[in-house]
Each structure stands twice: as C-alpha cells, then as structure tokens.
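Before any comments, here is the structure.
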Number of protein chains: 2
Amino acid sequence: MNIGDVSTRSGLPAKTIRYYEDIGLIKPQRSENGYRCFVEADLHKLAFLGRARALGFTIEDCRMLMALYEDESRASGDVKQLALEHLSKIETKIADLEAMRDTLTELVHCCAGDNRPDCPILKDLSGKV
Amino acid sequence: MNIGDVSTRSGLPAKTIRYYEDIGLIKPQRSENGYRCFVEADLHKLAFLGRARALGFTIEDCRMLMALYEDESRASGDVKQLALEHLSKIETKIADLEAMRDTLTELVHCCAGDNRPDCPILKDLSGKV
DNA sequence: GCTTGACCTTCCCCTAACTGGAGGCCCCAA
DNA sequence: TTGGGGCCTCCAGTTAGGGGAAGGTCAAGC
C-alpha cells in the first residue's frame, strides 16, 4: 500500500502518517522508487494510534501504549495506570473549563449587549468589581 | 517600576510581560539604561490581560478586548459577542473532553489492572471490540 | 513515444503562548 | 572592587501536525 491508501483506510492525513514515521511510531518499508510501502500491520498500528489520539492521549502516551500493546507479557495494571493518569488530566481540564464557562456565563448575563458602552464584562476584566 | 516589580504585582512572569510587549499588547517606556519603565497604567493593562487569559481568551481576543476597553464609545454588544463566541468554543471543548472521559472511564472500569496481560483498554484501541 | 495529471518524495517554515537558557550590561551594597 | 542579583537581547524548544515549494514517479490516453 502507498501512503494515500493507508491515509484513506486509517482516516489519518498523509502528513500525519509521515510525521508518525518521523518520530518513530511506525517504520514502514520502502519500495525501490522510494515510496513508503505499508503492510496491514502498519495500517493496524495507525488505526490504533488514531483511536488513542482521539481519546486525547499524547503522542508519548501513544508510544507507551503501543509498546504495551506489543509486549505480550505486559501487565494490564500498567495500561490502566496510564489511562487513569490521563483521565485525571482530562478531569482537571474539564474542571478548569467549567470554571471559565461559569464565570463567563455570569458575565455575559450581566451584559446588556446593546449600543451603550457600559459593559460589566470589561469592568470585571479591568478589576473594578 | 522595573519589570520585576510589575511581575510581582501583576502575577505575570517577566518573560510573559516581555512577550506581551513584543507582540504589541503593551508599550512600556524605557529608562536611560535600557530597562523597561512601567507606570500604573501598564500594570493595569497587564492585570486586565492576566484576567482575560485566565478566562481562556486567546491573545488576539485580548487584543480586541483591550481595544474595546480603551474605546470609550464602544458598544457593549461587541464585547458580549466576543464573549459568547468564546463561551461556545469552551462548551465545545468541554463536550469533547467529556466524551473522552466517558469512554475512558468505561474502559478503565473494564480493566482488571492486575499482572495479567489481558486488557480491554488495549483491545479497544486495537479495534478488536 | 510523449504528455498530462495524480501521486509520491524531502525540506522548510508556520501555528499559540509562552519558557528556558546563553551571553552580556547595570546597579547596589559590603 | 568585587559579588550577586536584576535586567537586556536573541535563539531555540515546546505540541502535533499543516501548508506549500521543488522535484521524482507512475499509469492512462493520444
């Protein structure tokens, strides 16, 4: 398979696939003409990566997950720990965003949003509360 | 005031303050010795920026918010619109993160997390569901 | 056989919002 | 005068790729 086929089948942009090779996540063979030459196993890895990334794992997380995936003697506890750490980061981000959302929502509700210059949002940002 | 004082009083790192000058958000005077020389108005602006950034506004949003703040004839509607757009981006991010969290939570619950290699998390990532 | 267009290659710059560090001035106190 | 801290500029790195240029390759159509 050429990169275009793999891109279509994995749903990942060709650029991303090249990037993943660059950073050593995949190691496709090369044809005589220099084209990358992917086999099913590569496609499978890319799909794995795509799903892990969609769950918000960082590239380095993905690297570890792949290593664990390929290690037949792994302990599922290691995977779970990785996932739990990631989960906790996500929870933190959600909490941060929710705090922003709540503050903003309140400010927005206080703002008339008309043609007059008086604006509680700016007032709050300027510290004159 | 030197940058160290402003940093302390605004809570922003000196690096960040220099960066904000670099991109034109603030324009402190200079002393004879080349040091940045801040007045209260600069400090006020930096505090404004710090609060806007803490609410998740991008630098470009901040630039517009500052312009609106300094425009006595602004319409509060413009500010509100900016805030609403930002709010909607935040809601989207929260929703995305919650989807990840839910999926991850489920996977984590299914994983024994012991010394055995069998792991539903990896199984899911590999597509063998 | 030649051309054309799609596909592939590498290489380099760009993103956001800083952060870290190197190398070098400046200032104040002991 | 020396030392330590503060300040300066400039450069590079961070995430996870995206955009695009310049050029090689391949298969179809004439």
In whole angstrom, what separates B:Leu25's CG from C:dA17's P? 10 Å

Of the candidates C:dA17, C:dT9, D:dG17, the side chain of A:Ile59 sits closest to D:dG17

Figure out the CG/P separation between B:Asp5 and D:dG6, and round it to whole Å. 10 Å

The side chain of B:Tyr20 lies closest to which of these nucleotides: C:dC18, D:dC8, D:dA16? C:dC18

Below 4.0 angstrom from OP1 or OP2 of D:dG17, is there any side-chain N or O of A:Arg18? no

For B:Glu32 and D:dC7, give me the distance from atom CD to atom P, rounded to whole Å. 18 Å

Crowding at CG, B:Asp71 (>12 non-hydrogen neighbours, <6.0 Å): yes

Pairwise 5' ranking along DNA chain D for B:Lys15 and B:Gly4, keeping only the more 5' one: B:Gly4

Nearest whole angstrom, please: distance from the C1' of C:dA16 to the NZ of B:Lys89. 13 Å

Over how many whole Å does the gap from A:Tyr19 atom OH to D:dG19 atom C1' extend? 16 Å

Where the side chain of A:Asn33 is concerned, which of D:dC26, D:dA16, D:dC8 is the nearest nucleotide? D:dC26

Under the side-chain contact (heavy atoms from CB on, under 4.5 Å) rule, what do B:Arg53 and B:Tyr20 come out as? Steps first, then yes or no, please. CA-CA 12 Å; B:Arg53 292 286 301 127; B:Tyr20 286 173; 3.6 Å; yes

Verdict with reasoning, B:Lys123 to B:Asp118, per side-chain contact (heavy atoms from CB on, under 4.5 Å): CA-CA 8 Å; B:Lys123 202 165 286 173; B:Asp118 184 50; 3.0 Å; yes

In whole angstrom, what separates A:Glu60's CD from D:dG13's P? 17 Å

What nucleotide among D:dC8, D:dC26, C:dC18 has an atom nearest to a side-chain atom of B:Ile3? D:dC8

What does A:Arg36 touch in the nucleic acid at a heavy-atom separation under 4.0 angstrom: a base, only the sugar-phosphate, or nothing? sugar-phosphate

Ranking B:Tyr35 and B:Thr58 by the position along DNA chain C of their nearest nucleotide, the one closer to 5' is B:Thr58

From the candidates D:dC8, D:dG17, C:dT10, the one with an atom nearest any side-chain atom of B:Arg30 is D:dC8

Nearest-Å distance for atom pair CG/C1', residues A:Leu46 and D:dG17: 14 Å

CD (A:Glu106) with more than 12 external heavy atoms under 6.0 Å: no

Of all the nucleotides listed (D:dT9, C:dC18, D:dC26), which has the minimum atom distance to the side chain of B:Thr16? C:dC18

Under 4.0 angstrom, heavy atoms only, what part of the nucleic acid is B:Arg53 near: base, sugar-phosphate, or nothing? sugar-phosphate

Would you confirm whether A:Asp114, through its side chain, and A:Arg116, through its main-chain N or O, come within 3.5 Å as a donor-acceptor pair? yes

Nearest-angstrom distance from the residue atom CD1 of B:Ile23 to C1' of C:dC14: 16 Å

